[in-house]
Amino acid sequence: MISAPFRNWLLSDTPDSRFQARMGRFYLGWLTFAKNPLALLGLIILVLLIVMAIFAPWISPHNPLSGELEDRLLPPSGKFFLGTDENGRDIFSRIVFGARTTLYIIGLVAVTAAPIGLLIGTTAGYVGGWVETALMRITDAFLAFPKLILALAFAAALGPGLENAVLAIAITSWPPYARIARAETLTVRNSDYLAAARMTGAGPFRILFGHIMPMCVPSLIVRVSLDMAGIILIAAGLGFLGLGVAPPQPEWGSMVAEGRSQILEQWWVCTYPGIAICIVSLGFNLIGDGLRDVLDPRGK
Amino acid sequence: MLIKSRRLRGLLNSLGSVAVTLFGLLLVTFVISRMLPADPVLAIVGDHATDEYVERVREQLGLNKPILVQFWIYLTNVVQGDLGQSIRTSQPIAQELLTVFPATLELATLGTLIGVVFGIPLGVLAAVRKDTLIDHIVRFFGLVGYSVPIFWLGLMGLLVFYAKLDWLPGPGRLDFGYEDMVTPVTGLMTVDTLIAGDMDLFKNALGHLILPASLLGYYSLAYISRMTRSLMLGQLSQEYILTARVKGVSESRIIWKHAMGNVLVPLITVIALSYGNLLEGSVLTEAVFAWRGLGLYITDAIFGQDMPAVMGGTIVVGAVFIVINMLTDVAYRLLDPRAQ
Amino acid sequence: MNMLLKAGVAGLALVMASGFAADAKTPKDTLVMAWVFDDIISLDPAEIYEFSSSEYMANTYDRLIVQDLDNPGAVKMQAAESWSASDDGKVITFKIRPGIKFASGNEMTAEDAEFSIERYVILDKNPAFILNQFGLKKETVKDMVRVKDASTLEVELDAPYAPSFFLNCLSFTSAVVDKKEVMSHEANGDLGYDWLRTNYAGSGPFVLKGWKPNESLVMEANESYWGGAPKIKRVLAKNVLESATQQLLLQKGDVDMARNLTNDQLTAIAGDKNITVAATPKATLWYMGLNTTNPNLAKPEVRQAMKYLVDYDGLAKTSFKSIGIKHQTFLPEGQLGADNETPFTLNVEKAKELLAQAGLPDGFNITMDTTNKTETRLLSASIQNTMAKAGINVIIKLADNKTTLTKYRASQHDIYIGQWGSDYQDPHSNAEGYLMAPLAKRNVWQLPENETAVLAARDEKDNTKRAAMYMDLQKKALETSPYIIMFQQIETAAILNNVKGFVIGPTFDLNLYANVTKE
């Protein structure tokens, strides 16, 4: 796969630079990851999902947003690969375009929830005192809620819609990130390295944003990727309860809900989108499982 | 003496933090309830209300007072156990929650039971046969449990086992015509039918429980088996296990007696956490199975714009969560010698 | 642990083998129905106004007069035996039927009727406005409603109205409650309201046995009903929100009747030999309300163009096949003066022409507030599709029913899509609703000339002339109004074949259980 010199460079016992050391560690991690066939399967699923989302207009044979009334509720056939729904729309095309919605939601949640958690956690850890107590109590209060119910309450208050669903999920997902960030901050708060930075005259903001936060990023990224499957399921659950994306945009959870009233006769309407959710969230779980093996050798 | 007082202080500390967390919970629910896009009064008053009537209702609901005053009133009421009146039904919410809570409890308890009964042996099996096909299958089976949307699995279960095969009864807690014939004593349908002494109804109630509880059980199994595996692996690589093996202690004794003994305490935490998670998982399950429990109560309230009921339900779930966490914490302190 | 596992499996197998189903799926003497009645907020007739609670009232209370099932648009006597009007038309006299007994055993007298009508007005809940129209106000009602003797009740009106109008209105708001019983539960001068909202004090064919909000409603036969005891002993209604669940329960025989099946489900069960579907057109219309404060919707040409951008026929043939009749005027069929003309069809060319006239040849963006209800979802998806053909980009805003309705009531919408049912079976109900208030108010289309014309039609005593006046109003509304009326609702009930005699009436209250039999 990779050339021998490059391999040696990666696995060198005496790396010349921090970059080389980091890449070396990364490579070793990858080797462990790649040994796990299930994890690789997860990776393949993720890649397929991304490909499907990017090339959706070329992959889907029909318009996902509108259909003809005479094509309502047709069973799977050569023309409609997975059948049609109550509005005569092609289910396969809607699933393909639904990949975009899914990626969009998890992407947005990741870039909103993680920074919130990072900011709160590092601030609490670095500043300490009553600020820390207050921030961590708020975090605990949010953690005390079951995620789905809190997201549900928020989504209901905000009203349905893609952005609101994302916001509702983000509001419920940040507390664990804040905890991790705080823990990491505590371990480095009194380090010589930060003391040195302070000596050179760096203000608290500079230290927080320039030194502490970047240190917390890697562990946060790992944690966020482990949460992806959960986010997908919550988003689908919101969609199922009618608090997801506004129609006619395809979203897998709401597609299941739309097919629910025809489940006895037109089973395909709610079956296939459900399978799509399963596969994708399984993919993320497999990746997460592989990652955990890499990071936590004990549980291997 | 010293140990005792330290333990007491720890308990008081955690009680204090529970109180603060509960306050935060109330604050968050209150804020959510005031974020509504539409005027809650207009939702209540009907099509022909005069402006004067609208104002009168606003006053009755206390919505014309300053927001902090509203929060204070709400807080003092909740502390006294008054969660307010439901907008949809005009019944006291605390009383309504009391009638729906046992249904969820029944479901979550059986679910956890299924999770424990199947999850722990599977987890142990996977740990013992690490990296074999069995291990992979168990792990994969568990991951699938994590990945399946529970509402969809519920629909499929109803389609297959109720509609097509006719093996299990359908939605609801009893066959429909009979549901009101059981006098609620405990609120747990299986127990109440037993108290009534009606074996047919008991079987019926149990049948209705099986499908939703198995779904929740699968979810719980996925979590428990995975944690059991990981905890067991931690123990099996320890020195004392090796020593025992060398001494010729039988393998099953090593696993079930020695390793399991040490894993039991953290496992209790795992089981408690999974129990809490099931309360949450029940929201979607109850929606699919028309199971009149806490989850369905909350979703119905959300769609009926019944914010006091949503707040009441959320607070109860949150409080149960906190209490479970606290109890596990206490149990952990009491049971684990090292924690002392 | 292994032991536990084995015991669990063994126990499970044992129970599975013996089966879970109760012997008979539903009890023989009980009508079990799956129904959505989460709209019930009160069981007090003076507050009852929603669809489901009205049905409850129709089966458990006697009203002075009710709509005549066999003669649409006319009333028939129930608790009253006869009525007469004074020469000047301002005083209406009712004779109470002798021998009616309340559930408490008390005999019904004119005093109960007087008390009941006064209660509507004094409690001032939702239905009070219907009586307010006749000058029966809080301050005056005690003087205007009078007991002449034990069996005679007099109601004085502030002006002479068309008798048909007064009787149609009273047919909804004249449920007679047991004065002694209700007043024995009075607290703080509430006329027993706090008690009656969850209890019962009537004389109808069924008596209330239990109500768990959003869960179940149980009624039992009144064996000594003056009109003859009902044939079924008990009616048990369960609130089942999901139509798919309703269908499952019905096909499995777990319920006798499913009240809220969707069009596609009705089509699906059409082949089931064990099930019959009862269907009756109701006085309820599916329509869109266009808010005229939106600069685009303020233009009459735009509103007309949009009326040509709905696939009425396509929908009538597919997703509204068994639940709606194409209908475009504001009076539903069955009401006096209803015009069944349907001038609009899907005509994209014509719509484009009209849009060009309005200066919007390329269309525009507009939002539509809609709910997750199957029918609204189907309608809005199709409308979004057809409107796009003329460049009108409809952005759907989905919310729960209450939120959407609340926004509509506060006129915060562009387009609202939903249902409107007549409050009482008189053309004035809809004429007022669509042309004066509340719908005209919500869509900001209150015109003085409309108000004059509506009131004139209301007070016309010659029924032929009155009908002609309403025909005229409907024609005008078709040409200018901000309403795109699409379908008249057909109410359905899917019923197992061994259950017979369920009646779905034309008004929203008259769905009657008294003649139901079960083999």
Side-chain angles (χ1 to χ4, degrees), chain A residues 62-75 83-90 94 152-153 155-165 168 238-251 253-271, chain C residues 241-248 250-252 260-272 311 313-321 346 367-389 394-404 407:
Chain A
H62 298 274
N63 183 343
L65 303 184
S66 65
E68 294 304 322
L69 284 172
E70 52 267 33
D71 291 337
R72 299 181 78 237
L73 301 171
L74 296 178
T84 60
D85 70 2
E86 58 183 11
N87 288 307
R89 297 175 297 204
D90 177 38
R94 282 179 73 72
L152 211 61
L158 296 168
L162 185 58
E163 286 74 23
N164 289 346
L238 287 182
F240 179 71
L241 292 173
L243 293 168
V245 176
Q249 291 307 320
E251 195 274 324
S254 46
M255 287 170 72
V256 174
E258 280 169 19
R260 192 175 168 187
S261 56
Q262 289 103 21
I263 186 170
L264 286 181
E265 279 74 27
Q266 289 90 21
W267 52 269
W268 56 89
V269 184
C270 74
T271 304
Chain C
L241 291 176
E242 263 312 310
S243 55
T245 312
Q246 288 200 5
Q247 184 193 356
L248 257 174
L250 180 74
Q251 289 191 301
K252 287 284 164 187
N260 309 85
L261 296 190
T262 66
N263 180 70
D264 291 312
Q265 291 171 328
L266 291 167
T267 315
I269 58 167
D272 193 325
D311 190 359
D313 295 304
L315 285 163
K317 265 186 271 164
T318 56
S319 39
F320 270 70
K321 194 172 167 207
L346 176 63
T367 65
M368 173 150 80
D369 283 297
T370 158
T371 67
N372 223 344
K373 197 179 155 102
T374 308
E375 289 79 19
T376 14
R377 203 174 61 214
L378 288 168
L379 269 182
S380 54
S382 163
I383 289 164
Q384 192 178 39
N385 213 356
T386 46
M387 293 265 177
K389 290 182 180 164
V394 178
I395 301 150
I396 291 181
K397 286 188 163 177
L398 191 72
D400 59 275
N401 191 29
K402 278 272 174 68
T403 308
T404 309
K407 275 181 79 181

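Just so it is clear, the model here is predicted, and its values are computed rather than measured. Below, chain A is the first sequence line, B the second, and so on; all start at residue 1.
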Chemist: Does A:Asn87 use its side chain to pair, donor to acceptor, with the backbone of C:Ser382 at less than 3.5 Å?
Modeler: no
Chemist: Measure the shortest side-chain to side-chain distance between A:Arg72 and C:Leu378 over non-hydrogen atoms and say whether it is less than 4.5 angstrom.
Modeler: yes
Chemist: Which atom pair, heavy atoms only, marks the closest approach of C:Ala244 to A:Arg260?
Modeler: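 Result for this residue pair: CB-O, 3.1 Å.
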Chemist: So for C:Thr374, is it side chain, backbone, both, or neither that comes closer than 4.5 Å to the heavy atoms of chain A?
Modeler: side chain
Chemist: Please classify the contact of A:Leu73 with chain C as side chain, backbone, both or neither, using a heavy-atom distance under 4.5 Å.
Modeler: side chain
Chemist: Which bit of C:Ile395 is near chain A, if near means a heavy-atom gap under 4.5 Å: side chain, backbone, both or neither?
Modeler: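 For C:Ile395, no heavy atom lies under 4.5 Å from chain A.
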Chemist: Kindly compute the distance separating CD1 (A:Ile263) from CG (C:Leu248), expressed to the nearest 0.5 Å.
Modeler: 7.5 Å
Chemist: How many angstroms lie between OG1 in C:Thr267 and CD in A:Glu265, if you round to the nearest 0.5 Å?
Modeler: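 Taking OG1 in C:Thr267 and CD in A:Glu265, the distance rounds to 9.5 Å.
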Chemist: Only pairs of heavy atoms separated by less than 4.5 Å count here; which of C:Ser243, C:Gly314, C:Ser319, C:Ala268 has the most with chain A?
Modeler: C:Ser319
Chemist: Start with the C-alpha distance between C:Gln247 and A:Gln262, add both sets of side-chain angles, then the distance that settles side chain to side chain donor-acceptor pair (under 3.5 Å), and finish with yes or no.
Modeler: CA-CA 10 Å; C:Gln247 184 193 356; A:Gln262 289 103 21; over 6 Å; no
Chemist: Go through the atoms of A:Gln266 and report whether side chain, backbone, both or neither lie under 4.5 Å from a heavy atom of chain C.
Modeler: neither
Chemist: Restricting to non-hydrogen atoms, name the atom on C:Leu398 and the atom on A:Gly242 that form the minimum distance, rounded to 0.1 Å.
Modeler: CD2-O, 4.2 Å
Chemist: If I measure from the heavy atoms of chain A, does C:Gln251 come under 4.5 Å with its side chain, its backbone, both, or neither?
Modeler: side chain
Chemist: Could you check whether A:Glu86 pairs with C:Arg377 (Lys NZ or Arg NE/NH1/NH2 to Asp/Glu carboxylate O, under 4.0 Å)?
Modeler: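 Result for this pair is yes, salt bridge flagged.
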Chemist: Report the option among A:Ser261, A:Ser66, A:Ala257, A:Gly161 that has the most heavy-atom pairs separated by less than 4.5 Å from atoms of chain C.
Modeler: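 Looking at each of A:Ser261, A:Ser66, A:Ala257, A:Gly161 in turn, A:Ser261 comes out on top.
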Chemist: Identify the two heavy atoms, one from C:Leu315 and one from A:Leu69, that lie closest to each other, and give their separation to 0.1 Å.
Modeler: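 That closest heavy-atom pairing would be N-CD1, 3.8 Å.
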